[in-house]
Undergrad: 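Please read through the structure below; I'll follow up with questions.
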Number of protein chains: 2
Amino acid sequence: MPKSTFFNLSPEKRCAIEQAAIEEFARNPYEQASLSKIVSACGIAKGSMYQYFDDKLDLYLYIVDLAYGKKRQFVNKAFALETDFFSTLEEYYRQSYLFAQEYPLLHQVTNNFWDSRADVLHSELAKGRSTRARDFQRFLTEAVHGGVVNPNLNPEAVFFVYHAVGKDLIDQFGCEENGKFFKEILDVLRYGLMIREELD
Amino acid sequence: MPKSTFFNLSPEKRCAIEQAAIEEFARNPYEQASLSKIVSACGIAKGSMYQYFDDKLDLYLYIVDLAYGKKRQFVNKAFALETDFFSTLEEYYRQSYLFAQEYPLLHQVTNNFWDSRADVLHSELAKGRSTRARDFQRFLTEAVHGGVVNPNLNPEAVFFVYHAVGKDLIDQFGCEENGKFFKEILDVLRYGLMIREELD
DNA sequence: CCCCAATATGACCACCCAGTCACATGATGC
DNA sequence: GCATCATGTGACTGGGTGGTCATATTGGGG
């Protein structure tokens, strides 16, 4: 957590620091990101940074929180409107996609965080992963009880698949208009590869 | 490509160098891996390394090739035996899993390579991805013609999904003790989330 | 045995890093 | 104007990096 001095800063200065940090952590994973570059980018002294944050990790986790906070504002909309399972799912990805479009740097920060291998981040990663898994699985279980989702699938495996696809999907098409491909991908997950006799 | 002096080395010395490099590149992505640690680990002088390889990248790509060469020995078995589409797919991931079990370090090397963000590796990565895409789509088209795969799905989208999931799945192989999980994941892709009337 | 090319060496270079600390500057209350 | 405390500073430390190069060692052919 940042020190109180950080929050006493003028909003402009605070934003300048955040922005410089976001840019660096979007370009590089935690280990390769350079504090020296951040401070020189926002024009403050190296020592000042240590008045605001305990260390590099403290700053990093603060920025990661910022990114996820903003992302949550988007994806929560998907769960707000009450519709069927597959529509909610599609809306979830659409919102992730909008987030990536509107805040590409924050999106890169979350991506770098998610596939980070740094030892110091392991516990944080595990925490985030299990939270997401829990939320998704609750949502999935409802749909299974409602009879729209195949009950024979392992919910953990379903989460794994959706998460993997979501990550790459937003990564790959973050800057293009590709609504059609988007839906085709969700169709793959929805219908499965195996031919469906009942649809023919 | 290594210089000729490298191949003139005694097999023991060559293996010692390879082993030390493999360990370092398994632990760290390219950018963070340390040449100094590699040379001290295998007990040769720093300068000697530059008698064998042009630079760090040259050594790295050689090691990555080693890893993928070994991996190919495994996954090619999946395409050797003539069976149905879904069995081949399962066998492919089973072989990947076995590779990860038997050569965890090489497995980590391929993982680190695959989600590397280093600029110098971008072209190498793109090459690998397009090769995979071509192979997969040929394989998929056969299965569509054979009537086992839903012809309404966009083959490009199918590859996208399998690529994304396969990547993350293989990533997990190192730490998951459970060899069953990958089958459950393949089932998600095979059957799709939507309930299948014909199976109930 | 000696010569010479191939190979091995490690001190060294320039550069980068996170983090520190003695000191400078600012502001606040008196 | 003064004293006090919070904030800002950047040179510095100790440690790391990839890569170089003058020099030393080796080993085979004449």
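Here is how names work: the chains are called A, B, and so on, in the same order as the sequence lines, proteins then strands, and each is numbered from 1.
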Undergrad: Applying side chain to side chain contact (heavy atoms under 4.5 Å, CB included), name anything that partners S34(B), two or more places apart in sequence or on another chain.
TA: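 Only E24(B), S36(B), K37(B) meet the side chain to side chain contact (heavy atoms under 4.5 Å, CB included) criterion with S34(B).
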Undergrad: Kindly write out the residues that satisfy ring-ring contact (aromatic ring centres under 6.0 Å, His included) with F159(A), not counting sequence neighbours, or none if the list is empty.
TA: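 Only F136(A), H163(A) meet the ring-ring contact (aromatic ring centres under 6.0 Å, His included) criterion with F159(A).
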Undergrad: Can you pull out every side chain to side chain donor-acceptor pair (under 3.5 Å) where at least one residue sits in residues 5-16 of chain A? Sequence neighbours excluded, please.
TA: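 Found none.
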Undergrad: Through what angle, rounded to 10 degrees, does the axis of the helix from dC3(C)-dG28(D) to dC30(C)-dG1(D) turn between its ends, using five pairs per end?
TA: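 Inter-axis angle at the ends, rounded: 10°.
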Undergrad: Strictly below 4.0 Å, heavy-atom distances to any atom of DNA chain D: list the hits from residues 36-62 of chain B, or just say none.
TA: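 Within this stretch, S36(B), K37(B), K46(B), G47(B), Y50(B), D55(B), K56(B) sit under 4.0 Å of the strand.
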Undergrad: Just to verify, what does D115(A) make a side chain to side chain contact (heavy atoms under 4.5 Å, CB included) with, not counting sequence neighbours?
TA: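 Side chain to side chain contact (heavy atoms under 4.5 Å, CB included) list for D115(A), sorted by chain: K167(A), R117(B).
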Undergrad: S123(A): which residues meet the side chain to side chain contact (heavy atoms under 4.5 Å, CB included) condition with it, sequence neighbours left out?
TA: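 So S123(A) forms no side chain to side chain contact (heavy atoms under 4.5 Å, CB included) with any residue.
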Undergrad: Just say parallel, tilted or perpendicular for the rings of H107(A) and F99(A), cut-offs at 30° and 60°.
TA: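 Ring orientation of H107(A) relative to F99(A): perpendicular.
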Undergrad: Can you list every pair that meets salt bridge (charged side-chain N to carboxylate O under 4.0 Å, His left out) and has a residue in residues 123-148 of chain B, with sequence neighbours left out?
TA: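 For residues 123-148 of chain B: E124(B)-K127(B), D135(B)-R138(B).
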Undergrad: Please tabulate, for side-chain N and O atoms in residues 57-71 of chain A, each donor-acceptor pair with protein atoms closer than 3.5 Å (sequence neighbours left out).
TA:
from, atom 1, to, atom 2, distance (Å)
D58(A), OD1, M1(A), N, 2.5
D58(A), OD2, D54(A), N, 2.9
Y62(A), OH, E18(A), OE2, 2.7
K70(A), NZ, Q73(A), OE1, 3.4

Undergrad: Can you sort out the partners of Q108(A) under side-chain hydrogen bond (donor to acceptor under 3.5 Å, both in side chains), two or more places apart, ordered by chain and number?
TA: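 Not a single residue meets the side-chain hydrogen bond (donor to acceptor under 3.5 Å, both in side chains) criterion with Q108(A).
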Undergrad: Enumerate the residues from residues 2-35 of chain A whose closest heavy atom to DNA chain C is under 4.0 Å, giving them by residue number; use none for an empty result.
TA: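 Under 4.0 Å from DNA chain C: A33(A), S34(A), L35(A).
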Undergrad: Residues in side chain to side chain contact (heavy atoms under 4.5 Å, CB included) with L98(B), at least two apart?
TA: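 L98(B) satisfies side chain to side chain contact (heavy atoms under 4.5 Å, CB included) with F74(B), R94(B), Q95(B) only.
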